[in-house]
S.K.: 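I'd like to ask you about the structure that follows.
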2 protein chains.
Amino acid sequence: MKNPTDMVNAFIPGAVALSPQEDRMIARRRALMGPAYRLFYERPLQFDRGEGVWLYTPSGEAYLDAYNNVTSLGHCHPHVVGAITRQAARLATNTRYLHDSVLTYAEKLLATFPPELGHLMYTCTGSDANDLAVRIAQAHTGGTGIIVTETAYHGVTQAVAAFSPSLGANINLGAHVRTVPAPDSYRSPTGNVGAEFVMAVQGAIDDLRHHGVTPSILICDSLFSSDGVLSEQPGFLQGAVDAIHRAGGLYIADEVQPGFARTGQAMWGFQRHGVLPDIVTLGKPMGNGFPVAGVVVRPEVIEKFGRTARYFNTYGGNAVAAEAAMAVLEVIETEGLQENAKAVGAYLRAGVEDLATRHPAIGDVRGAGLFLGVEIVSDRAEKTADSQKASRIVNGLRDERVLISACGAQANILKIRPPLIFTGQNADFLIDALDRVLTAAG
Amino acid sequence: MKNPTDMVNAFIPGAVALSPQEDRMIARRRALMGPAYRLFYERPLQFDRGEGVWLYTPSGEAYLDAYNNVTSLGHCHPHVVGAITRQAARLATNTRYLHDSVLTYAEKLLATFPPELGHLMYTCTGSDANDLAVRIAQAHTGGTGIIVTETAYHGVTQAVAAFSPSLGANINLGAHVRTVPAPDSYRSPTGNVGAEFVMAVQGAIDDLRHHGVTPSILICDSLFSSDGVLSEQPGFLQGAVDAIHRAGGLYIADEVQPGFARTGQAMWGFQRHGVLPDIVTLGKPMGNGFPVAGVVVRPEVIEKFGRTARYFNTYGGNAVAAEAAMAVLEVIETEGLQENAKAVGAYLRAGVEDLATRHPAIGDVRGAGLFLGVEIVSDRAEKTADSQKASRIVNGLRDERVLISACGAQANILKIRPPLIFTGQNADFLIDALDRVLTAAG
């Protein structure tokens, strides 16, 4: 990346010539919304309409969305839109009045978790969820120390940005935060990522203590989405979870990315690893575009927080959010989306692996279900990250009307994360475009 | 309040006998959502439907909502529901693609502000907005010190809860936070609340510096809603704003409560005081129930943050939120709600002032537009706060099917905050009920 505030796949003003109409709209946006916003792509995109896996520009050009995990049932899913429409016209309350929907949804959602995870608390965004989770964990453990991976992203509130190193070197991490290398099977020195990860987490625990900070949490997205989609081998998390528990801390599973059936193997990412979290945080796909998120927590972990504090979130747990979220769970079930993520995810992965036999730029293909990470390298033997080529591929796919992005500390890993309704035909469309773009990218 | 975690007007389990059906629902809620949630009222209420100023229980009993400032256009306003329905079926994007709605809304909203306040940033909740505002202010000033009033509420993220003393004594305020007495015209020792407030703020500035903390912000809700609806006399904020500016800090106007025409006198609460904030935060009424909030900021104040950080909020600034918010602005304009808040607010206030001539429990009536604070006292001469009587009145009104709450450090101030569509007839309904309840409360 050019400088520490740059975002992977960010638009850089002036880098590429745009049309006068595009320039005008971007200038208008800068004037109205200020300097802190970023757009995707060398040539930003404007969309006007979405349906299923497709996004449409104002002039009607269709783009295949293989990136958005908010609308993971596809854009504007009619069952969810119907639920929002019905409930918005009926009542949007808050949790200081009784309402059946928030309870019915909580029952339905909690039934997808191990029985130890007994409570659901409603928030509005994944950031809110992680912020609340940390407050609960710090109340329970009496400690403040937080351990995250080196390129993790967990959210944007002040407390959560302090342990989201992927936001860039200019965002100060807290003095109570330690980062550890992500468990990377592709570049593992020993081949045993689980053992390496335990050692790193234990080192962070020791270092926190050495500085007088009591360890409180280890928080991971079990697919390590920002670190580079690190999926292999399932099970490697157990040792690290045991280590934080031995230190008196809690394990928080951030399911904003891997949750809601995306991995195809389970409803929740932590289940791929066979671990039992103390707190689980939920976000983006929970409402398929409607703002709703949550925290699932073991009752004994929330006990102290509930005794000393109270929690209210105006929109968290309003009836419209609960109905939208309910509709999402229903669609995952009735449309068999976990199975689809597994089957189409495997098909897509096989297709990309086949490309790897012909395109030496592909160093590794990994992932789970409909979430793939594809390493772009300039030298397979040396595994040399090639972020410039990755950027050419992401922007080349954009010109082929396929939306993906990149991730990882070197920004060289293609991040492919289509809606769970992706079909084999959609996968073929993506693979064919990627084939052409890889050829052109050299 | 019984203990520091108690909330004003909170349901206390076991205090009053409920029906078996109510007990079951509350137990189910406790089992599913855990111990940190609170319900309103000695006997909690369940609602199933809302329309205009009315909320309906499942059995169809109508309650007059004189408390909810989220749905400030009335429950389920058809213009807003229509906008949500249309846009949810068309596209819910994020701000990393271009979309016209977020720009058009920003233009329309910023036109209601003084021209110095040039940028709008989108968040999801008022808490997010205050959290972002603090990050921006701390980046700009290089300081961390925060000054708030003693019973202020600004939100629920970890960073914002640290300067929301109304959450209770068990929530630690940050070491960088100082509280000052709210500017209370009713109990003012000198009669000059402006001068008292300046002195308190200057004292807090000096104390922060004495402890090595650089002052960063003074943040106020200009109606001091949680401190007790402290509205008098308009203008008293100027000196305190000047003081924080002289100290190199910023003034943040939290408009979650007084904003969007509620005061009747202006679109924004800070305008009542003739001050110019550096940052303005927006929340609840912005989407009339749809989760949307924001930060309005002077360009020179966001410059450093924009250079060193970036901001992305998945749902903040999605097209559905922007369309819902746009519909809200349109309704405020087309239905003349600022004028209505002024006219009906004055009528309601006159009615309560008339009650005060017959009910000695009313020590003071104040407020602006459709936001009244009514002091309940046991002794008018001594101005002795009577929180028990206030609680009897709030619960008595509930039995009369009128919803209000209480506020203030002593929980003795009735907080009356009806939708902006309130009519004279609605005001009569409230006044008549309050008359009966005051008589019964003795």
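So that the names make sense, note that chain A is the first sequence line, chain B the second, and so on, each numbered from 1.
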S.K.: B/Val70 and side chain to side chain contact (heavy atoms under 4.5 Å, CB included): which partner among A/Thr314, A/Asn94, A/Thr93?
M.R.: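 Checked A/Thr314, A/Asn94, A/Thr93 against B/Val70; only one passes side chain to side chain contact (heavy atoms under 4.5 Å, CB included): A/Thr314.
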S.K.: If I measure from the heavy atoms of chain B, does A/Asp48 come under 4.5 Å with its side chain, its backbone, both, or neither?
M.R.: both
S.K.: Who passes ring-ring contact (aromatic ring centres under 6.0 Å, His included) against A/Phe40, sequence neighbours left out?
M.R.: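 Testing A/Phe40 for ring-ring contact (aromatic ring centres under 6.0 Å, His included), a comparison that skips the adjacent residues, returns A/Tyr67, B/Tyr97.
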S.K.: Pick one of side chain, backbone, both or neither for B/Ala31, based on which atoms fall under 4.5 Å of a heavy atom in chain A.
M.R.: backbone
S.K.: About how many Å separate OH of B/Tyr37 and CZ of A/Phe312, when rounded to the nearest 0.5 Å?
M.R.: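 If I round to the nearest 0.5 Å, the distance is 9.5 Å.
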S.K.: How far apart are the closest heavy atoms of A/Leu167 and B/Arg310, and which atoms are they?
M.R.: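 Taking A/Leu167 first and B/Arg310 second, the nearest heavy atoms are O-NH1, 3.6 Å.
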S.K.: State whether the side chain of A/Tyr315 and the backbone N or O of B/Lys284 hold a donor-acceptor pair below 3.5 Å, judged by distance alone.
M.R.: yes
S.K.: So do B/Tyr41 and A/Arg96 actually touch side chain to side chain, heavy atoms under 4.5 Å?
M.R.: no
S.K.: Which of these, B/Gln158, B/Gln138, B/Arg135, sits in a side chain to side chain donor-acceptor pair (under 3.5 Å) with A/Gln158?
M.R.: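 Result for side chain to side chain donor-acceptor pair (under 3.5 Å) with A/Gln158: B/Gln138.
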S.K.: So, B/Asn170 side chain and A/Ala309 main chain: donor-acceptor pair closer than 3.5 Å or not?
M.R.: no
S.K.: Taking side chain as C-beta onward, heavy atoms only, is B/Arg29 less than 4.5 Å from A/Leu98?
M.R.: yes
S.K.: Considering residues at least two apart in sequence or located in another chain, which fulfil the ring-ring contact (aromatic ring centres under 6.0 Å, His included) criterion with B/Tyr63?
M.R.: B/Phe47
S.K.: What's the shortest heavy-atom distance between A/Gln46 and B/Asp100, and which atoms?
M.R.: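 In this case the closest contact between A/Gln46 and B/Asp100 is NE2-N, 4.5 Å.
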S.K.: Could you check if a side-chain atom of A/Met33 sits within less than 4.5 angstrom of a side-chain atom of B/Ile302, using non-hydrogen atoms only?
M.R.: no
S.K.: Which bit of B/His75 is near chain A, if near means a heavy-atom gap under 4.5 Å: side chain, backbone, both or neither?
M.R.: side chain
S.K.: So what's closer than 4.5 Å to chain A heavy atoms on B/Leu403: side chain, backbone, both or neither?
M.R.: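 It is the side chain, since no backbone atom gets that close.
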